[in-house]
S.K.: 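Just passing along the structure, written as structure tokens.
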Amino acid sequence: MKNIVLLLLTTALFASNNTNAQEDKSRRPSPPAKINVDLKSGASISIDYSRPSIKGRIIGKTIEPNDGEVWRTGANEATVFETNKPVKIDGKELPAGKYSLFTISGKESWTVIFNKTWKQWGAYDYKEKDDALRITVKQELAEPFVEKMNFNIDAEGRVNLLWGDRKIGFNVE
């Protein structure tokens with residue numbers, strides 16, 4: 001009986017330690033990042049994402065995104081875009097709240113998707129019917145080359161995604 005109790009306690013301790021290790025997202029190959037900005041308009045926006053690296057791979061061939069497919073726009077959990085007030089994204093209304101941020105890459109333009117199901121892993125559970133907003137943005141050249149995917153936001157509300165030699169952006173007001 002003592003052996004069974006000891007085995008159960010050991011198993012519980014191992015499971016507890018394993019769960020804690022999994023929750024330490026900073027140890028992931030694509031570590032998390034979060035950017036928070038208070039806009040001049042009075043809205044606060046944040047983007048919570050994981051930062052995949054290129055590592056010699058080719059975007060659209062050996063690493064996501066693939067042309068025409070919905071991508072989680074990062075790694076691990078879906079990227080989360082949050083605003084505390086209703087905003088306009090490139091002139092289109094988006095209510096206050098949390099959204100998963102997905103993209104569909106193209107050769108010259110990308111579709112940026114704000115999906116109502118903000119808490120999900122990757123794009124595995126993505127459902128188009130839950131999209132709150134879709135916009136199309138032009139792809140630009142990122143200079144210099146950006147090894148780890150990165151978002152930046154200025155006080156005017158310009159949001160840019162930079163990764164490899166690609167740059168896409170949209171305006172939040």
Side-chain angles (χ1 to χ4, degrees), residues 15 17-37 45-83 87 89-90 92 94 97-154 157-172:
N17 286 338
N18 191 31
T19 300
N20 288 338
Q22 288 177 357
E23 290 178 6
D24 184 1
K25 296 177 182 179
S26 67
R27 294 183 181 194
R28 292 178 174 174
S30 298
K34 186 169 184 173
I35 184 168
N36 299 295
V37 175
I45 60 173
S46 68
I47 302 175
D48 191 354
Y49 62 106
S50 291
R51 301 180 65 202
S53 297
I54 301 289
K55 296 181 185 174
R57 298 173 289 185
I58 300 169
I59 297 175
K61 294 193 182 196
T62 55
I63 189 171
E64 298 173 279
N66 295 311
D67 191 29
E69 293 181 28
V70 173
W71 179 51
R72 65 181 133 197
T73 317
N76 307 316
E77 297 87 357
T79 292
V80 177
F81 178 94
E82 184 174 8
T83 177
V87 293
I89 308 287
D90 282 355
K92 296 181 179 181
L94 183 70
K98 283 186 177 184
Y99 301 91
S100 53
L101 184 68
F102 294 102
T103 50
I104 302 171
S105 69
K107 293 187 187 332
E108 296 177 16
S109 64
W110 288 37
T111 301
V112 179
I113 304 165
F114 299 84
N115 187 274
K116 295 174 192 172
T117 306
W118 65 271
K119 190 170 184 166
Q120 54 185 303
W121 182 265
Y124 301 108
D125 294 327
Y126 168 79
K127 293 179 181 68
E128 186 175 345
K129 69 178 180 66
D130 293 333
D131 290 353
L133 177 66
R134 282 180 171 225
I135 59 169
T136 302
V137 299
K138 291 191 184 281
Q139 177 177 290
E140 300 175 47
L141 182 62
E143 292 183 302
F145 184 90
V146 179
E147 174 65 25
K148 281 190 177 286
M149 192 188 88
N150 188 38
F151 280 95
N152 63 43
I153 309 169
D154 68 23
R158 180 68 181 176
V159 176
N160 288 306
L161 164 65
L162 304 152
W163 195 34
D165 63 353
R166 297 170 185 214
K167 175 182 175 183
I168 63 162
F170 54 87
N171 294 306
V172 180

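In this chain, residues are counted from 1 in sequence order. Note: hydrogens, waters and symmetry copies are ignored here, and every other heavy atom, side chains too, is used.
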S.K.: I'd like to check Thr103 versus Ile113 (side-chain heavy atoms, cut-off strictly below 4.5 Å). Are they in contact?
M.R.: no
S.K.: Taking only residues two or more places apart in sequence, or in another chain, which ones meet Tyr99 in a ring-ring contact (aromatic ring centres under 6.0 Å, His included)?
M.R.: none
S.K.: So how far is it from Ile59 CD1 to Lys61 NZ, rounded to the nearest 0.5 Å?
M.R.: 12.0 Å
S.K.: Would Thr73 and Thr79 count as a side chain to side chain donor-acceptor pair (under 3.5 Å) if you check the C-alpha gap in whole Å, the side-chain angles of each, and the deciding distance to 0.1 Å?
M.R.: CA-CA 6 Å; Thr73 317; Thr79 292; 5.6 Å; no
S.K.: Please report the closest heavy-atom contact between Ser46 and Asn36, naming both atoms and the distance.
M.R.: CB-OD1, 2.9 Å
S.K.: Applying side-chain contact (heavy atoms from CB on, under 4.5 Å) to Glu82 and Ile45, what does each step give before you reach the verdict?
M.R.: CA-CA 5 Å; Glu82 184 174 8; Ile45 60 173; over 6 Å; no
S.K.: What closest approach, in Å, do Ser50 and Glu77 show between heavy atoms, and which atom pair accounts for it?
M.R.: OG-OE1, 4.4 Å
S.K.: Quick one: does Asn160's side chain get under 4.5 Å of Ile153's, heavy atoms only?
M.R.: no
S.K.: In Å, rounded to the nearest 0.5 Å, how long is the span from CD of Glu69 to CD1 of Ile104?
M.R.: 9.5 Å
S.K.: Quick check: does any side chain N or O of Asp131 sit under 3.5 Å from a backbone N or O of Leu133, one acting as donor and the other as acceptor?
M.R.: no
S.K.: Over all heavy atoms of both residues, which pair between Ala78 and Ser100 is shortest? Give the atoms and the distance, please.
M.R.: CB-CB, 3.9 Å
S.K.: State, yes or no, whether a side-chain contact exists between Asn152 and Leu162 at a heavy-atom distance under 4.5 Å.
M.R.: yes
S.K.: Minimum heavy-atom separation for Val70 and Ala123, please, with both atom names.
M.R.: O-CB, 4.1 Å
S.K.: Out of curiosity, Asn150 CG to Ile35 CD1, how far, rounded to the nearest 0.5 Å?
M.R.: 7.0 Å
S.K.: Please identify which of these residues, Glu128, Arg134, Gln120, meets the side-chain contact (heavy atoms from CB on, under 4.5 Å) condition with Phe102.
M.R.: Gln120
S.K.: Looking only at the aromatic ring of each residue, does the gap between the centers of Phe81 and Phe151 stay below 6.0 angstrom?
M.R.: no
S.K.: I need the Thr62 OG1 to Arg57 CZ distance, nearest 0.5 Å.
M.R.: 6.5 Å
S.K.: Quick one: closest heavy-atom pair of Lys116 and Ala132, and the distance?
M.R.: CG-CB, 3.9 Å
S.K.: Which atom names give the shortest non-hydrogen contact between Ser105 and Arg166, and what distance separates them?
M.R.: CB-NH1, 4.4 Å
S.K.: Measure the OG-CD1 distance between Ser109 and Ile168 for me, rounded to the nearest 0.5 Å.
M.R.: 10.0 Å
S.K.: Carefully, step by step, assess Ile89 and Asn171 under the rule side-chain contact (heavy atoms from CB on, under 4.5 Å).
M.R.: CA-CA 6 Å; Ile89 308 287; Asn171 294 306; over 6 Å; no
S.K.: Going through the checks in order, is the side-chain contact (heavy atoms from CB on, under 4.5 Å) test met by Val159 and Ile47?
M.R.: CA-CA 10 Å; Val159 176; Ile47 302 175; 3.8 Å; yes
S.K.: Only one of Tyr49, Trp163, Tyr126 clears ring pair (Phe, Tyr, Trp, His ring centres under 6.0 Å) with Trp71; which?
M.R.: Trp163
S.K.: Side chains of residues 135-147: which donor-acceptor partners sit under 3.5 Å, not counting sequence neighbours?
M.R.:
unit_1, atom_1, unit_2, atom_2, d
Gln139, OE1, Trp110, NE1, 2.6
Glu147, OE2, Ile54, N, 3.1
Glu147, OE2, Lys55, N, 2.6

S.K.: Is any side-chain N of the basic residue among Asp130 and Lys127 closer than 4.0 Å to the acidic one's carboxylate O?
M.R.: no
